[in-house]
Amino acid sequence: MARSYSVYDVFTDRKLAGNPLAVIFDGDDLSDEAMQAITREINLSETVFVQPSTNPAYAARLRIFTPGRELPFAGHPTVGTAVALAERAHGAATRDLVTVLEENVGPVRCAVRLREGEASFAEFDLPRKSQPAIMPLDKLGIADALSLKVTEIGFENHVPSVWSAGVPFLLIPVHDVGAAQRLEFDPQLWEKIVPFVDGALASAYVYCRGGVNHVAKFHARMFASGMGIVEDPATGSAAAALSGAIHHFDRLTDGHHPIMIEQGVEMGRPSFIHLHIDVDGGAISNARIGGQAVRLASGTLDL
């Protein structure tokens with residue numbers, strides 16, 4: 001059977017940057033094992049299989065796989081697939097759309113902006129607010145796994161912590177962009193010190209204030225050996241988790257807080273993740289993640 005697919009570069013407005021994503025449009029009769037095998041064959045950080053939704057009010061159901069396992073939710077597949085489905089339905093016509101995608105985490109509401117001659121943009125409401133997982137963490141072990149000095153771990157009142165908005169991450173603040181760029185991630189040491197959260201190894205999300213690009217408020221890197229990902233150029237689910245840590249450590253005031261996060265710089269694939277946090281009564285009332293996506297390739301899989 002010929003199955004149509006597209007490859008999108010996500011969280012970027014230009015090809016060969018951002019985080020590449022494969023979208024398989026005809027995924028409704030594939031077994032879990034087949035989807036995992038196809039994902040390993042394609043060998044991108046994530047591959048999405050589009051299926052009919054169980055709810056007729058939703059646009060589609062998404063199954064999201066990394067080379068290592070299936071995920072309940074992920075940011076760059078949500079943004080990329082929302083754009084891919086909108087462009088597949090409407091071409092390059094200028095329009096604004098609102099759609100709901102069904103993921104294993106639950107329904108995810110997306111807004112898509114199509115503009116002729118420009119990279120399309122999609123934004124989604126977090127299906128779950130970021131929540132902390134309180135557990136002991138080995139700061140020295142974390143530093144060793146990153147080949148950094150223990151004094152380079154943390155800045156201001158930010159300390160390592162575990163947060164999840166559907167996918168758990170061990171968030172590691174480092175002193176500055178120099179430390180973030182200089183680190184060397186050791187997956188063997190990481191597996192010795194990292195906690196299990198929700199039955200899986202927490203992935204490493206390293207962040208600091210500032211960035212290489214002047215518009216960035218935070219610079220980030222993500223390593224997920226447990227998912228079969230050496231390093232990820234852009235991780236929306238980690239940015240979703242980071243929203244809770246930012247509010248917790250920075251004590252955000254009531255109001256709207258737009259935050260740009262850059263990632264993938266060290267990989268030569270710069271990505272820009274738009275994070276918006278709304279705070280009301282001292283608590284996060286809503287958070288959204290968005291970014292642009294551009295189609296790189298389309299074709300068919302003979303499977």
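Predicted model only: the values in this text are computed from it and were never measured. Both backbone and side-chain heavy atoms feed into the values below; hydrogens, waters and symmetry mates do not.
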Worksheet item: Between the side chains of Ser298 and Ser6, is a donor N or O closer than 3.5 angstrom to an acceptor N or O?
Response: yes
Item to complete: For Ile134, check side-chain contact (heavy atoms from CB on, under 4.5 Å) against everything at least two apart and list the hits.
Response: Pro132
Item to complete: Return yes when atom CD of Glu184 has more than 12 non-hydrogen atoms of other residues, nucleotides or ligands closer than 6.0 Å, and no otherwise.
Response: no
Worksheet item: Going through the distances and angles, do Ser243 and Leu126 end up as a side-chain contact (heavy atoms from CB on, under 4.5 Å)?
Response: CA-CA 10 Å; Ser243 66; Leu126 297 194; 3.9 Å; yes
Worksheet entry | Heavy-atom side-chain proximity of Ser164 to Ser130 below 4.5 angstrom | no
Practice prompt. Return each pair, listed once, that meets ring pair (Phe, Tyr, Trp, His ring centres under 6.0 Å) where at least one residue sits in residues 101-145; pairs must be two or more places apart or across chains.
Written response: Phe73-Phe124, Phe121-His274
Worksheet entry | Which residues share a side-chain contact (heavy atoms from CB on, under 4.5 Å) with Asn213, sequence neighbours left out | Val215, Glu262, Phe272
Worksheet item: Cluster partners of Val150, using ILVMFWY side-chain heavy atoms under 4.5 angstrom, listed by chain and number?
Response: Leu140
Worksheet item: Picking from Met35, Glu103, Gln36, what satisfies side chain to side chain contact (heavy atoms under 4.5 Å, CB included) with Arg63?
Response: Met35
Worksheet item: Is any side-chain heavy atom of Met135 closer than 4.5 Å to a side-chain heavy atom of Val197?
Response: yes
Worksheet item: Do you know which of Leu101, Thr99, Val23 makes side chain to side chain contact (heavy atoms under 4.5 Å, CB included) with Leu85?
Response: Leu101
Worksheet entry | Residue list, ring pair (Phe, Tyr, Trp, His ring centres under 6.0 Å) with Phe169, at least two apart or on another chain | none
Practice prompt. Please assess Arg269 against Asp232 for the test salt bridge (charged side-chain N to carboxylate O under 4.0 Å, His left out), listing each intermediate value before the final yes or no.
Written response: CA-CA 10 Å; Arg269 298 192 66 95; Asp232 200 31; over 6 Å; no
Discussion item. Do Leu137 and Pro195 have side chains that approach each other closer than 4.5 Å (heavy atoms only, starting at C-beta)?
Written reply: yes
Worksheet item: Under a 4.5 Å side-chain heavy-atom rule over Ile, Leu, Val, Met, Phe, Trp and Tyr, are Ile229 and Leu201 clustered together?
Response: no
Discussion item. I'd like to check Asn157 versus Arg251 (side-chain heavy atoms, cut-off strictly below 4.5 Å). Are they in contact?
Written reply: yes
Fill in: Residue pairs passing the ring pair (Phe, Tyr, Trp, His ring centres under 6.0 Å) test where at least one lies in residues 127-154, sequence neighbours excluded
none
Discussion item. According to ring pair (Phe, Tyr, Trp, His ring centres under 6.0 Å), does anything in residues 16-52 pair up with another residue at least two apart or in another chain? List the pairs.
Written reply: Phe49-Phe65
Discussion item. Can you confirm whether Glu41 is buried at CD, in the sense that more than 12 heavy atoms of other residues, nucleotides or ligands lie under 6.0 Å from that atom?
Written reply: no
Worksheet item: Do the non-hydrogen side-chain atoms of His256 and Pro258 ever get within less than 4.5 Å of each other?
Response: yes
Practice prompt. Check whether any side-chain heavy atom of Ser45 lies under 4.5 Å from a side-chain heavy atom of Asn19, and answer yes or no.
Written response: yes
Worksheet item: Looking at CD1 of Ile24 and OG1 of Thr39, how far apart are the two atoms once the value is rounded to the nearest 0.5 Å?
Response: 7.5 Å
Worksheet item: Is there a side-chain contact between His219 and Glu266 (heavy atoms, below 4.5 Å)?
Response: yes
Discussion item. Going by the rule ring pair (Phe, Tyr, Trp, His ring centres under 6.0 Å), which residues pair with Phe249 if we only count those two or more places apart in sequence or in a different chain?
Written reply: His158
Worksheet item: If you group Ile, Leu, Val, Met, Phe, Trp and Tyr by side-chain heavy-atom gaps below 4.5 Å, do Val105 and Val100 land in one group?
Response: no
Discussion item. Whether Arg209 and Asp250 form a salt bridge (side-chain N of Lys/Arg under 4.0 Å from carboxylate O of Asp/Glu) is what I want to check.
Written reply: yes
Worksheet item: Can you get from Val162 to Ile246 by hopping between Ile, Leu, Val, Met, Phe, Trp and Tyr side chains that sit under 4.5 Å apart?
Response: no
Discussion item. Run the side-chain contact (heavy atoms from CB on, under 4.5 Å) test on Leu170 and Ile142 for me, step by step, so that the C-alpha distance in whole Å, both residues' side-chain angles and the decisive distance to 0.1 Å come before the verdict.
Written reply: CA-CA 10 Å; Leu170 174 43; Ile142 291 171; 4.0 Å; yes
Worksheet entry | hydrophobic_cluster_shared for Ile153 and Val194, side chain cutoff 4.5 Å | yes
Fill in: Pairs meeting criterion ring pair (Phe, Tyr, Trp, His ring centres under 6.0 Å) with involvement of residues 86-119, two or more places apart
none
Worksheet item: Which residues satisfy the ring pair (Phe, Tyr, Trp, His ring centres under 6.0 Å) test with His247, sequence neighbours excluded?
Response: none
Fill in: Shared hydrophobic cluster, Ile273 / Ile284 (ILVMFWY, side-chain heavy atoms < 4.5 Å)
yes
Discussion item. Applying salt bridge (Lys or Arg N to Asp or Glu O under 4.0 Å) as the test, list every pair that has at least one member in residues 272-281; sequence neighbours left out.
Written reply: Asp278-Arg288
Worksheet item: How are the rings of Phe155 and Tyr207 set to each other: parallel, tilted or perpendicular (split at 30° and 60°)?
Response: perpendicular
Practice prompt. Kindly indicate whether the side chain of Lys139, heavy atoms from C-beta on, has any atom under 4.5 Å from the side chain of Val159.
Written response: no
Worksheet item: Do other residues, nucleotides or ligands put more than 12 heavy atoms under 6.0 Å from the NE2 atom of His276?
Response: yes
Worksheet item: Taking only residues two or more places apart in sequence, or in another chain, which ones meet Ala204 in a side-chain contact (heavy atoms from CB on, under 4.5 Å)?
Response: Ile172, Phe185, Trp190, Phe223
Item to complete: Quickly, which of Asp29, Asp26, Asp302 forms a salt bridge (charged side-chain N to carboxylate O under 4.0 Å, His left out) with Arg3? Name it, please.
Response: Asp29
Item to complete: Consider only side-chain N and O atoms of Asn55 and Glu102, and report whether a donor and an acceptor are under 3.5 Å apart.
Response: no
